[in-house]
Amino acid sequence: MAWVPLVMSFQIMFFLIILESGHATETDPRGLGATATGDIIIGGIFSIHEDVNKDNISFAPQPRPCIRFQERGLTRALAMINYIELLNKSPPLTAANITLGYRILDSCSDVSTALRATADFIQQPDCHAGSNTSTSGQPVMAVIGATHSEISVAIARQLTLKMIPQISYASTAVILSDKSRFPAFMRTIPNDKHQTAAMVSLLSSYGWNWVGVVTTDGDYGRSALDHFVSQASEKGICVAFKSILPQSVSSQDVSSAITQTAKTIFNNPKVQVIVSFAKPTHMMYLYQELRDQILRAGHSVETMRRVWVASDSWSSSSSVKGNLTLKDIGYIVGFTFKSGDLSSFLEYLSRLEAAGPEYIRNNPFLQEFYMQLNAHKGSGDTELESEAVKTLRENTDADTVFSIEMAVSAIAQAVESVCRSRDCKTPGTVQPWEVLKALWMQEFKLRGKSYRFDNRGDINLGYDVSLWRSEKGNLYVHDVVAEYHPHTNIFTHTNHSSTQQFWDLKNIISKCSNSCVPGEFKKTAEGQHTCCYECINCTENYYSNNTDMDQCLSCDTDTEWSASGSSTCTPKTLLYFSWQDGFAVVLLVFAALGIVLVFLVSALFLHQRDTPVVKAAGGPLSQIILFSLVFSYISAVLFVGRPSALQCKARQVLFGISFTLCVSCILVKTLQILLAFQFNPELQEVLRRLYQPYVIVSICVALQAVTCTCWLVLQSPYNYINRQATTLLEECHEGSYLAFGVMLGYIAVLAFVCFICAFKGRRLPQHYNEAKFITFSMLLYLISWMLFVPVYVTTSGEYLSAVEMVVILISNYGILSCHFFPKCYVILFKKEQNTKSAFRKHLYDYSNNTTNSSSVSVSVQQSSSQQSVISALSFSVHAANPLKPAVETNCRAGTSCTSLNRGSFNRHCIRRSTSM
């Protein structure tokens with residue numbers, strides 16, 4: 001048991017050291033510090049303790065004792081010591097024949113204590129009796145620290161008085177980038193503006209727009225809160241609540257602030273994401289209080305699960321868990337500074353373990369750490385040293401160690417550049433402002449990479465995003481799952497096993513209101529957060545094509561439309577009477593069939609042009625009628641298809657002129673019958689001279705041509721698009737509906753005259769009677785067009801063209817059927833009736849029927865009338881010269897035919913009239 005005396009002596013030594021250091025702390029703040037000699041002294045301010053004892057209020061200007069030892073603060077101080085020792089062996093400093101020393105003091109996370117430490121750095125060499133430090137006679141050329149921004153702000157004002165360069169490894173307040181106020185301050189990390197921007201970018205990418213913020217009071221917390229709120233509002237992220245905790249963890253107000261914050265979180269279940277800039281101890285208290293409130297309310301501990309977005313102040317502090325697990329807390333996504341190689345520092349800790357108590361002689365912080373660890377563990381020397389190193393490794397932050405090494409390397413290379421041309425071993429040879437100038441002017445290297453402070457004194461390398469996970473019970477591991485690049489404002493994931501879990505966080509919803517889906521827009525009530533809203537459907541002809549749109553977008557109503565609640569605009573359907581339309585196909589078939597029938601009839605009539613039936617049908621006039629019908633059918637075809645300007649002009653004009661030609665020829669035939677049967681013999685000679693069929697036809701067609709020409713010149717038809725609610729109807733506009741009406745009215749007048757004239761001659765012989773067919777065809781035409789007018793006026797749409805097309809086809813088929821089909825039937829199937837003898841027989845029978853139905857007393861006027869009937873019939877036969885008289889009565893002038901036998905007279909007259 002030889003080790004027992006050693007342990008006892010070791011404990012006694014620690015006890016004496018603590019007593020001495022404690023006495024020094026109460027009397028002189030410069031008494032407790034880690035020191036090492038060197039030609040150039042670098043100061044260091046670290047938060048080795050978390051707070052100071054504020055229970056004893058004294059008016060005397062004496063420092064308060066530090067409390068709550070922090071292993072994490074000790075590892076940071078050791079990182080500085082390790083790298084200074086490493087650089088002293090490097091070729092640059094060896095070649096310059098200088099060594100670096102250090103004097104590290106504890107700020108105790110208290111501004112007043114930090115200011116006392118800073119005063120010690122600034123004082124000129126004047127070693128006091130109570131100080132036994134070997135570096136008290138040398139000025140400090142640069143200071144590394146502090147941890148907290150509020151402390152860095154305070155000591156920066158003091159260090160600026162002597163222009164002593166200060167390089168912080170953890171202070172991120174934006175205010176420190178103001179070089180007009182802090183010209184000697186630098187840092188190896190980016191400021192909070194970049195960190196809050198990274199947080200906002202993360203929240204935005206996950207769709208979290210309803211978040212809470214917890215922060216610690218002070219320069220760091222207030223600055224981070226202000227920048228986060230400002231940047232979040234620009235991205236449409238709302239802060240549901242803001243909780244500001246007292247800066248001191250031992251303040252009397254901390255408990256009530258923690259309680260209120262936990263209550264706020266518990267009462268806002270929709271806030272599933274909380275951003276925290278608080279201290280680690282504050283977070284530990286908050287988790288414990290939140291769990292207690294949830295349990296008192298009778299809920300499961302898992303109810304407190306949230307996504308906690310941790311700032312660099314506690315993102316690597318596993319102590320926040322307390323006695324909880326990640327299953328209770330939820331997810332912790334931490335933002336840390338860029339990390340470096342830890343191998344050098346880990347080797348230093350290994351040497352520390354092997355060296356034993358000899359290595360801690362000049363480091364009272366290590367002495368206190370060993371003392372506290374021994375009091376808790378009660379282990380032997382070897383076990384104690386192993387446990388100490390294990391604890392230090394667990395509290396090592398790779399990013400902070402890297403930042404401290406960068407600060408040491410920057411100062412060392414600046415000193416080396418200054419001392420390259422002078423002897424720096426003599427105190428006072430080098431001034432702090434010269435080192436500051438060198439820091440600003442040149443780059444420095446660390447492990448082969450070059451770095452440089454920007455014009456704000458910052459080094460912005462971006463951030464590592466870590467996701468906490470538990471391993472082997474409650475051991476917390478922080479896996480780097482993504483990297484944030486400040487210049488591009490994007491995240492890139494790493495090839496880590498936890499990366500997928502990091503991206504799976506998108507399944508968590510933290511919103512005040514559910515997202516408005518496409519087709520809806522957000523409507524925010526007055527006085528509410530913009531993130532709290534209701535979703536309203538977009539009205540007709542408006543749409544929203546993204547989630548949570550503030551307003552609906554308007555469709556281009558000329559070409560698009562949308563129903564209520566639409567997420568996109570639908571192109572309006574272009575409508576016209578298409579060639580593919582079934583109805584159009586049927587009508588086109590009828591039009592084509594009509595054209596074929598016209599050509600067949602024309603061919604048949606040409607072949608049978610010398611027969612009585614063809615001559616009775618008008619001879620050459622029948623060919624003109626058939627010719628006009630062909631163009632009328634063609635005009636009907638122009639009503640199908642997508643209309644063009646030429647098509648719109650051609651279809652109406654072509655129909656108007658062609659059908660006018662057709663009706664004009666029919667009019668000539670009816671006038672022929674009227675002249676033969678309805679006028680007195682005295683007028684017949686004059687009327688026969690005035691009656692010129694082709695002249696009449698030419699005049700009728702010319703009048704219609706003049707009408708159409710004026711129509712085309714003044715206000716011609718044109719194609720246009722009728723924009724309706726959901727469709728685009730491309731159709732023809734008639735230009736001038738007056739001209740359109742005049743054209744149709746003119747044809748109607750001609751048709752009506754034909755109808756009247758033909759109606760009066762309807763009693764002609766049955767087999768050769770055209771008057772009845774003309775009457776029926778004109779009546780059919782007039783009825784169809786009378787029905788067309790109201791339908792055309794009241795109808796709209798793609799089938800409006802079909803209506804007019806149907807009427808045209810009915811008119812054409814009416815004329816074709818009534819004028820030509822009966823005659824074709826006689827020519828083809830009743831050939832015996834298409835002879836001269838049959839024609840004479842029918843005239844004879846018609847004459848007898850007419851005479852038998854007359855009165856017994858027949859006057860000369862009646863005989864003359866009967867003579868006219870016979871002349872008309874003879875006129876029909878002699879179509880080659882229809883106006884030449886074919887009847888020469890045998891009654892001499894002055895002889896009364898009434899004295900003759902009525903029957904013999906009739907027979908005599910018929911014989912003379914039918915003689916060829």
Side-chain angles (χ1 to χ4, degrees), residues 586-602 604-605 613 616-618 621-639 651-652 654-671 673 697 700-701 704 743-762 764 768-792 801-827:
V586 172
L587 295 179
L588 288 171
V589 169
F590 275 103
L593 179 62
I595 293 173
V596 171
L597 291 175
V598 167
F599 280 112
L600 291 176
V601 171
S602 177
L604 181 62
F605 272 44
V613 172
L621 286 177
S622 64
Q623 293 295 331
I624 297 177
I625 294 174
L626 291 171
F627 175 78
S628 65
L629 287 178
V630 170
F631 284 95
S632 184
Y633 277 118
I634 293 175
S635 71
V637 175
L638 296 178
F639 284 86
R651 65 182 192 177
Q652 296 291 8
L654 184 61
F655 167 71
I657 294 177
S658 63
F659 209 78
T660 299
L661 178 60
C662 177
V663 176
S664 298
C665 293
I666 296 173
L667 177 62
V668 168
K669 296 174 66 176
T670 55
L671 289 177
I673 297 172
V697 170
C700 291
V701 174
Q704 185 70 287
M743 183 198 76
L744 295 180
Y746 179 73
I747 298 174
V749 169
L750 295 179
F752 184 72
V753 172
C754 290
F755 170 74
I756 296 300
C757 295
F759 182 77
K760 291 186 177 182
R762 67 187 182 282
L764 288 175
Y768 306 98
N769 185 1
E770 287 199 77
K772 289 191 295 185
F773 295 118
I774 293 174
T775 301
F776 183 75
S777 64
M778 293 299 104
L779 182 63
L780 182 62
Y781 170 82
L782 291 172
I783 292 175
S784 62
W785 282 95
M786 286 175 64
L787 293 175
F788 164 76
V789 172
V791 173
Y792 185 83
S801 296
V803 173
E804 189 169 356
M805 187 177 179
V806 168
V807 176
I808 292 174
L809 291 177
I810 291 174
S811 303
N812 292 346
Y813 272 102
I815 294 175
L816 190 62
S817 301
C818 296
H819 286 259
F820 296 99
F821 286 173
K823 296 175 178 56
C824 292
Y825 177 76
V826 172
I827 294 173

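All residue numbers in this chain count up from 1 along the given sequence.
- Shown here is Phe821, whose CZ atom has more than 12 heavy atoms of other residues, nucleotides or ligands within 6.0 Å.
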**OP:** Determine, step by step, whether Phe820 and Phe605 satisfy the side-chain contact (heavy atoms from CB on, under 4.5 Å) criterion, reporting the C-alpha distance in whole Å, the side-chain angles of both residues, the deciding distance to 0.1 Å, and the verdict.
**Re:** CA-CA 9 Å; Phe820 296 99; Phe605 272 44; 3.7 Å; yes
Original post:
Stepwise, does the side-chain contact (heavy atoms from CB on, under 4.5 Å) test hold for Phe639 with Gln652?
Top reply: CA-CA 9 Å; Phe639 284 86; Gln652 296 291 8; 3.9 Å; yes
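- Closest approach of Val668 and Val697 over heavy atoms only: CG2-CG2, 3.5 Å.
- Counting heavy atoms from C-beta outward, Tyr813 and Leu593 have side chains that approach closer than 4.5 Å.
- Other residues, nucleotides and ligands contribute at most 12 non-hydrogen atoms within 6.0 Å of the CZ atom of Phe752.
- For the pair Cys662 and Ser632, the minimum side-chain heavy-atom distance is 4.5 Å or more.
- When atom types are taken as modelled, the side chain of Tyr781 and the backbone of Ala751 share no donor-acceptor pair closer than 3.5 angstrom.
- With contacts defined as side-chain heavy-atom distances shorter than 4.5 Å, the pair Val806/Phe590 does not qualify.
- In this structure, the side chains of Phe659 and Ile808 stay at 4.5 Å or more apart for every pair of heavy atoms.
- Residues Tyr792 and Leu787 form no side-chain contact, since every pair of their non-hydrogen atoms from C-beta on lies 4.5 Å or further apart.
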Subject >> Working for side-chain contact (heavy atoms from CB on, under 4.5 Å), residues Ser622 and His819 >> reply: CA-CA 9 Å; Ser622 64; His819 286 259; over 6 Å; no
